[in-house]
Structures are given as C-alpha cells and as structure tokens.
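In what follows, a structure is listed as structure tokens, so that the remarks can point back to it.
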Amino acid sequence: MDAHEVRQAFVDLLVERGHVLITRSPLVLRDDPTTLFTGSGMQPLLPYLLGADHPDGTRLCDVQPCLRAQDMDDVGDNRHTTFFEMLGNWSLGDYSKAEQIPLVWHFLTDVVGLEPDRIYVSAFIGDPERGIPRDDESAAIWKRLFIEKGISSDSIDLGTEEHGNEVGNGGARIAFYGHKNWWSRAGGPDAMPVGDPGGPDSEIFYHFPQVEHDTRFGRFPHQNSDGGQYLEIGNSVFMMFRRTEDGFAELPRHNVDFGGGLERIAAASVDSPDVYRISLLRPTVERLEELSGKSYEDATVAMRVVTDHLRAATFLAADGVRPGNHAQGYVMRRLVRRAVRFALDLGLTEGVAQHIVPTVARTYAGVYPEVAENEAAIIAVLQKEEKAFARTMRKGLRLLRKLGAGGAVVGGAGLFELHDTFGMPIELSVEEAARLDLVLDPGWRAEYDALLEQQQARSRASQR
Ligand code: GLY
C-alpha cells in the first residue's frame, strides 16, 4: 500500500467500526497557549479526554497533521521528520484494551498487510510507588493474537531504554518498560503539568532484520533502541489518569488514544526502513535529484533535511504561520534557514522553495487541497525568507570558520555576531560549529544571551 492508501484504509476501517471522522485541527491551535504546535492528535481533544462530552459521540477517528519542532535536529536519519500525519482513533470512555489492541492488529496485518512476525510490542511495567499496576492485560491480549498467528509470544522486562541497550530483547516479542511506556504530551509521569491527562501505553514496532544494528546506540537491539532494526509505528495510550498536585487521580472515563505514524506505517508497508522512500516524500527527493544532479544515495542527509523542512514550512505557511523571531515564527524561520544551509551542500544556492512547494502541493492535492490553492502565496512567503538568508549565509559561514580557525575558541560574542549580522539562527551556528569540529567556549550561552538581551533592550528603548 502507498501512504495515501494506508490513510484511506485506516479511515474506512474506523468508520466501518462505528467511529465518526473528525476534521483535522490546524498546526497552530488557536486556543491552546500551552504548546506552540499541534504535536499529537490528542491536543485538540483535550477537554473531551478530561471528561466533557464530544458532540460526535464516544468513538472518533482522525488524520491529524502534526509538527514536532523538538525533532528538528534528528532529521537527517532514516526515520525522523518534523512534520507528519498521525492516524488517530479515540474511545472516550467507550471501548478499552480488549477492543483496541485487536483492532490495531487487524489494521496493520490484514488491511495494510504488514508481516505479523515482524511486529513487536511493548507494555507498561508498572509504577508501584504511584500505585499504577503493570499492564499484564495488554500483554495477554497481544500474546493471544501472536499465538493465533502461530508466532512467538515471549516477553521480557527491560525497564529502561539504557538497560535494554545493555542486554537487548533476546528476540522477545513483548517488552515491558517503565517511563517509555507512559504517554502524556509532556512525556513521562514526572514531566506532566498538573491537570494534564496521561496513562500507560502499548507501543508497536516493525522489525527490519535486513538492517545491521548500530552499536553506537547500545550493545544489543530491542524495541526501544535507536539502533535501526526496530521502528515505532504506533501506540495505544490508555488514558486513565490526570496529574494532580500530589500524584495522580483517575479520569472520570477511561479513554483510548491510538496514534499511528502514517509515514512510518507506509514505510513498513513497502519494507523500507527509510521513510524518505515513501510516496509522500519520494517525489520531493526526486525533484532535488533533478535540480542538483546528485543522487539520494550520495547526498542522503542533505536531501532528507531539505525535503522534511520545506514540507513542514509549506504546511505551516498554508496554516497561516509566517517566519519571524518568536514562537512559531522562529521555528518556521529555523526550518527554512536550515533547508537553505543543507541545499548549499547540494550545490543549490538560489533557493528551492519555488521548485519544491509545487511538488508538495501535487503530492497532497487530494487530501489537503489548501496547499495547492495557496501555492503562489506559500512560495512567496518561503522565497522571501530564503532570499533574506541566502544573501548573508555564506558570509556567516566564512566568519564562523575564521573565528574557529587553528583551534581558536569560539565564544558567545562571535555567535551573537553571526546571528545579528548574518541572520544565522543560533541552533544552526552551533550545529555548524560541531560539523566543523570547532571548539566552543563553555560559557558561550551566557555571553550570547546577555548580548541578545542588551540588543532587545536597545530595540525596545528605540521604539518608545
Ligand atoms: N497516541 C498518542 C501519540 O502518540 O501522540
């Protein structure tokens, strides 16, 4: 199945099972100041997960475009993207594990056609201190499903990712972890703000035995290893708790929040550990090959970064975000400027948005027509940002090399000049310094922040 087929098949199945398809939310939620972007399907549904009645009932599904700015630095590997679509199904106090887990299994194996014996899962090991039990119920359901297909169903307690990296899963189909199997939008139970919902989750991974485990990420492979053999493709969160001042309270209703990564499921469906080979991303990669005369195999990282970042910036522009110095605008600026930087590695110095936006628009024409409808305006927004940066970037990169030449220590003042004079986002300068093996002064951040603060104070004073 290609990605469009996976998306449609998911919606068709869920609707057939009594779910109402709800419209996607924008990438920037209008009345949620707690996060910059819609980073998961649950954010727009927060009031209903906390107990309010949803007008469409208790069984919902959606396909939610998401943006995770925190993953920007990981883009370049074979699995991370900042923008992605999340396939979601929701039980608001309706069904629970006994219906959810077989439903997802059916979707992945019978509908999408993934090989059952390449699916591995995880479950929550329990948190005795907080009185939250081990999720043996999910594990038992998985075990039954695996046995029905005649495949192994053994389990292992791994606890932490670090321990898993040391001992591996030994091929166990079901692995129990602690905080890795707790889901809230903030992360583990300790990170949750008071009032936020969360709960144990059961995650699903696809195994790529053809990939050699990368031991930089631990001695042995296991479900939650970044070593390349296992790719997380979805999770079912059993959202039962709300964080309180002194612990956790049960929510009035126990919910299910399934999130499936469309790009990753589509990659598994074509047996590719590399998501950039799927039908949603491949056309952009091919366009970059045409424009640069280089092959994806020879310029993999640069092509992935440009492909991901310009797709994300295109959708941000379609949703009304504009590059700027604050909040969402700053993330968008970083995306476009990082794309410009990596396009330079492809020998593309003139800006590529005018070539890439039409490809993205065509790819999504049937699903998100708003991109094609606003194509000219999106190109204009991205091109303006590309041009502003392309003019100064090469001078900035030259200055950085000069600052660090001969092992000289680069301090906060130099990094501030790169930002102030050449428009280099600080994250990009630091990344560039690492690429060039330059030595940064340990105190660079404090010096940089102080200079930035002084500049902002001057600018505020001049506007009075
Ligand atoms: N199902 C929750 C998430 O992964 O975003």
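All residue numbers refer to positions in the sequence shown, counting from 1. Each ligand, and each atom within it, is numbered from 1 in the order the structure gives. This structure is a prediction, so every number in the text was calculated from the model and none was measured.
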Are Leu316 and Gln328 packed together at the side-chain level, in the sense that at least one heavy-atom pair is separated by less than 4.5 angstrom? no
Any side-chain heavy atom of Leu348 sitting closer than 4.5 Å to one from Val306? no
Contact set, ligand 1, heavy-atom distance under 4.0 Å, ordered by chain/number, equals Ser40, Arg68, Met86, Trp183, Asn235, Val237, Asp257, Phe258, Gly259
Name all pairs fulfilling the ring pair (Phe, Tyr, Trp, His ring centres under 6.0 Å) condition that reach into residues 244-276, sequence neighbours left out, sorted by first residue then second. Trp182-Phe248
Ring-face cation contact, Phe84 with Arg264, 6.0 Å cut, 45° max: no
Geometric class of the Tyr364/Tyr368 ring pair [parallel <30°, tilted 30-60°, perpendicular >60°]: tilted
For Leu114, which of Val111, Val112, Asp117 qualifies under side chain to side chain contact (heavy atoms under 4.5 Å, CB included)? Val112
